[in-house]
> 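Dropping a structure here in structure tokens format, bear with me for questions.
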Amino acid sequence: MKNYCTNQPNGYLESIQKGFIAARTYDLRVSHGIGTREEQIARLKKEFETADAIVVGAGAGLSTAAGLTYTGERFERYFFDFARKYQIKDIYYNRYIDAPKPVYSKLLSLLNDKDYFVITTNVDHQFQRAGFDKKRLFYTQGDYGLFQSVDPKVQETFDNEEWTMRAMEAQGFVRDETGIFQVPENGTISMKLPTELIPTASNGDPVTMNLRTDDTFVEDAGWHKASAAYFDFLYRHENLHVLYLEIGVGANTPVIIKYPFWQMTRDNKQAVYACLNYGEAYCPKELEKQAICIDGDTAEVFDKMR
């Protein structure tokens with residue numbers, strides 16, 4: 001497990017590399033866990049109660065379970081104009097509203113008295129909105145709530161919440177009684193911003209979202225602090241009874257969460273790997289006895305564990 005701790009240089013990159021290499025050594029056969037779904041849920045509940053530490057690895061499926069969709073009615077409500085004119089398909093406004101379903105808060109209630117840490121590829125800030133301790137979170141891929149310069153040499157990010165709210169108002173959106181922006185009754189949205197609202201970095205450069213889409217992603221001081229905290233947590237618990245809880249992680253970036261979780265579980269016979277995923281709950285056959293695989297709605301699973 002030493003390859004995953006902060007004693008090693010470039011811990012984040014090394015963990016990805018080691019996870020990828022480790023995944024290639026597994027028997028290609030997979031397992032969907034041992035026992036019925038109800039039995040596996042009961043086992044997961046017991047693991048929550050008995051584990052020395054819980055490492056949560058969360059992917060997009062967790063936010064989907066919480067109702068944060070990026071297409072359909074919600075997308076059309078806020079971005080119909082830009083979608084039709086510019087074919088924009090992303091909805092970073094999700095960063096500034098609570099998820100429709102309380103899945104994140106249910107997870108927090110299960111973790112409240114536990115020693116836990118969260119690593120996530122999600123960029124919608126929903127963990128903090130639900131009340132998770134920021135010191136126990138590592139957002140590996142960025143945050144919709146941060147801007148960075150288009151020049152990656154400028155190693156800084158800055159909060160964009162105030163700008164986002166002003167930009168929504170400038171286009172004609174109006175807040176309802178709950179503080180949520182809605183399309184005005186006349187349906188008129190300007191798709192324009194005054195010149196003074198065009199955001200720039202501290203050096204005057206244009207800005208872009210702080211999202212890992214290519215090698216220009218800025219890993220600022222906050223990112224490195226969170227990374228160090230995560231790998232320190234792994235190091236301090238590496239030989240204990242650890243539950244590696246993977247939720248909603250797909251096949252797009254398995255080297256960040258899924259493969260390292262498999263590797264750390266294989267390295268520690270006291271560890272348990274749990275996978276909650278709608279339609280994709282599986283583990284390597286060789287980890288079957290250390291694994292819990294639950295296919296289905298995450299919110300429903302959490303309800304049965306309370």
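The structure displayed is predicted, hence computed values, not measured ones.
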> Classify the ring geometry of His125 against Tyr139: parallel below 30°, tilted from 30° to 60°, perpendicular beyond 60°.
parallel
> Is there a side-chain contact between Asp295 and Arg37, using heavy atoms and a 4.5 Å cut-off?
no
> Please lay out, stage by stage, how Lys45 and Lys304 fare under the test side-chain contact (heavy atoms from CB on, under 4.5 Å).
CA-CA 9 Å; Lys45 181 178 180 179; Lys304 290 185 176 182; over 6 Å; no
> Is there a side-chain contact between Ile256 and Gln141 in this structure, where contact means two heavy atoms from C-beta onward sitting under 4.5 Å apart?
yes
> Apply side-chain contact (heavy atoms from CB on, under 4.5 Å) to Lys101 and Lys106, showing your working.
CA-CA 10 Å; Lys101 302 177 183 178; Lys106 288 180 180 180; over 6 Å; no
> Under the 3.5 angstrom rule, does the side chain of Ser227 hit a backbone N or O of Trp223 as a donor-acceptor pair?
no
> Determine yes or no for a side-chain-to-main-chain donor-acceptor pair under 3.5 angstrom, with Thr120 supplying the side chain and Ala58 the backbone.
yes
> If you look at every heavy atom in Tyr278 and Asp297, which pair is closest and at what distance?
CD1-N, 3.9 Å
> With no hydrogens and no angle check, just 3.5 Å: does a side-chain donor-acceptor pair link Asn122 and Asp124?
no
> For Trp262, does its backbone N or O pair with a side-chain atom of Glu246 as donor and acceptor, under 3.5 Å?
no
> So which heavy atom on Asn186 is nearest to which on Thr188, and how close?
OD1-N, 2.9 Å
> So if I apply the ring pair (Phe, Tyr, Trp, His ring centres under 6.0 Å) rule between Phe132 and each of Phe117, Phe138, Phe127, which one comes out positive?
Phe127
> Given the rule that I, L, V, M, F, W and Y join up when any side-chain heavy atoms are under 4.5 Å apart, are Leu276 and Leu111 in one cluster?
yes
> Between the side chain of Arg43 and the main-chain N/O of Ala291, is any donor-acceptor distance below 3.5 Å?
yes
> For Leu197 and Leu193, which heavy atoms make the closest approach, and how far apart are they?
CD1-CD2, 4.2 Å
> Give the C-alpha distance, both sets of side-chain angles, the deciding distance and a yes or no for side-chain contact (heavy atoms from CB on, under 4.5 Å) between Val55 and His237.
CA-CA 10 Å; Val55 183; His237 297 87; over 6 Å; no
> Side-chain heavy atoms under 4.5 angstrom apart, residues restricted to Ile, Leu, Val, Met, Phe, Trp, Tyr: same cluster for Leu107 and Leu68?
no
> According to the interplanar angle, ranging from 0 to 90°, do the rings of Phe147 and Phe158 count as parallel (below 30°), tilted (30 to 60°) or perpendicular (above 60°)?
perpendicular
> Without swapping roles, check the side chain of Gln126 against the backbone of Ala99 for a donor-acceptor pair under 3.5 Å.
yes
> Give a yes or no answer on whether the side chain of Tyr104 reaches the backbone of Arg129 with a donor-acceptor pair at less than 3.5 Å.
no
> Looking at every non-hydrogen atom in both residues, tell me the closest pair between Gln171 and Met191 and how far apart they are.
OE1-CA, 4.0 Å
> Could you give me the CA-CA distance, side-chain angles and deciding distance for Glu288 and Lys285, then say whether salt bridge (charged side-chain N to carboxylate O under 4.0 Å, His left out) is met?
CA-CA 5 Å; Glu288 184 178 62; Lys285 184 70 174 179; 3.2 Å; yes
> Transitively linked via ILVMFWY side-chain contacts under 4.5 Å: Val301 with Val272?
yes
> Which pair of heavy atoms, one from Glu156 and one from Val218, lies closest together, and at what distance?
N-CG1, 3.7 Å
> Do the side chain of Asp176 and the main chain of Ile180 share a donor and acceptor less than 3.5 angstrom apart?
yes
> Do Leu287 and Arg266 have side chains that get closer than 4.5 Å, going by heavy atoms?
yes
> Within the structure provided, determine whether Leu62 and Val103 are in side-chain contact (heavy-atom separation under 4.5 Å).
yes
> Checking Asn277 side chain against Cys293 main chain: does a donor-acceptor pair fall under 3.5 Å?
no
> Heavy-atom distance under 4.5 Å between the side chains of Phe302 and Leu44, does that happen here?
no
> Quick check: is Met165 connected to Leu146 through a chain of hydrophobic side chains (ILVMFWY, heavy atoms under 4.5 Å apart)?
no
> Is there side-chain contact between Asn268 and Glu238, with at least one heavy-atom pair below 4.5 Å?
no
> Would you find a donor on one side and an acceptor on the other, under 3.5 Å apart, between the side chain of Asp143 and the backbone of Asn210?
no
> Taking the six-membered ring for Trp and the full ring for Phe, Tyr or His, determine whether the centres of Tyr273 and Tyr244 are under 6.0 Å apart.
no
> Using atom types as modelled and distance alone, determine if a side-chain donor or acceptor of Glu219 lies under 3.5 Å from a backbone N or O of His224.
no
> Go through Arg136 and Tyr116 one step at a time and tell me if the side-chain contact (heavy atoms from CB on, under 4.5 Å) criterion holds.
CA-CA 7 Å; Arg136 294 176 179 266; Tyr116 76 88; 3.4 Å; yes
